[in-house]
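Notes to accompany the following structure.
Worth knowing before you read on, the calculation uses all heavy atoms, side chains too, and leaves out hydrogens, waters and symmetry mates. In this text, all values refer to a predicted model and were calculated from it rather than measured experimentally. Every number for a ligand or one of its atoms is a count from 1 in the order of the listing.
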Amino acid sequence: MGKTLETNAQWINDTWEKIDRKLSKVCIKSRDKLPSTTVDGVHDDRSVTSPEWWTNGFWGGMMWLMYLGTQNEEYKKTAIRSEELLDKALENYKGLHHDVGFMWIPTSVANYRITGDKAAFNKALYIASVLFSRYNIDGGYIRAWNNWNDSPEDPNKTWTIIDCLLNIPLLYWASEEIGDDRFAKVAIRHADMAIRDHIRPDGSVNHIVEHDDKTGELVKVHTGQGYSETSSWSRGVSWAVYGMALSYIHTKQQRYLDAAILTADHFIECCKKTNYLPLVDFYAPEEPVYYDASAGMCAACGMIEIAKCLGGERGEYYMNEAINILKAADEHFCNYSDDEDALVLMNCGRYPHNEKEMARSKPHVPLIFGDFYFVEAMFKLKGNDFLIW
Ligand code: GLY
């Protein structure tokens, strides 16, 4: 154990216990749901209304991590149940999208790796093939989303998003499993495109990039969930931090670790200014202030992995910054009481520019991936070495 972990051991243990105390109850209460947020403190359920929703794998993944971290069988039961509920999404092929990695890595891949379940293995490889098939051979990238509104022009056909870096570990896994590197080659092409077209020299990122579909060249940057197309959407940066760290872990290509460090340094520099509580967008106007806890949680996961890859004093630096972010979240964003199903309250789906957008996506709400990445970060800090991605 490094000195940063030693110094923080008490806080890590106390926080893990608080998480387990709460989740051991919510795990049973929400067993038959695929939660994405809470309404009046109670988990919603996407399992029937929108089984293809991109966040539907996080609840199951969180349950697997809690099971591994506590050996409490109740968590395992809920994890397996959540994968069953997710099967509904497989009934609609056209509903599947680039985010299938977010959905089935923490569920079916995790199930197979933990229990050896054959059905989970087959499902995960099928889903890896779905992701693989979204690759644009000429352009060298994985397409984001599907044709919105089934429009004849298919206007978003050549778009990529930074978020997809968290989906491509499904392709690395498939190649590792079947001993054939064709899946990983697609992941590598996509990650290289992200370094070229999404990550800016200052470590901030373009959320959405439109490409030339013959050459793959960047045609246009579009505003996504951040303030503007030139701003710095914090969760987008966190996808780059953790996503690039994961590409490095799976491939050992130094350029991915360098990209993870560049984006992590940007994230740290920006969120230090607000006492380690990340804003939704680091380049947004000073007022109004909108936070996004999930960005910090995901970036912290990436920083912990960077720390492990680097080791030594540089590693201690990133571990310490990850803990600074998590401690600030623990103090200001978390809810450990039984009257609220979510753990992390202050997340934000997208930067709201006006009342209309605010009505569609309210800031400072529970979002299941905020909880997931918090649990994952604490699971790592507890010394568990199961890397779910
Ligand atoms: N992947 C979508 C989001 O970050 O909200």
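- For the pair Trp239 and ligand 1, the shortest N or O to N or O distance falls below 3.5 Å.
- For the ring-ring contact (aromatic ring centres under 6.0 Å, His included) criterion with His222, the lone passing option out of Trp233, Trp159, Trp145 is Trp159.
- Looking at Asp163 next to ligand 1, an N or O pair under 3.5 Å apart turns up.
- Within the structure, ring pair (Phe, Tyr, Trp, His ring centres under 6.0 Å) contacts touching residues 294-336 (residues at least two apart or in different chains) are Tyr291-Phe333.
- Considering backbone and side-chain N/O atoms, Arg235 comes within less than 3.5 Å of an N/O atom of ligand 1.
- With a heavy-atom cut-off of 4.0 Å, Gln225 touches ligand 1 through its side chain alone.
- Within the structure, no pair that satisfies the ring pair (Phe, Tyr, Trp, His ring centres under 6.0 Å) test touches residues 5-35, not counting sequence neighbours.
- Contact record, His266 with Ser232: NE2-OG, 2.8 Å, taken as the closest heavy-atom pair.
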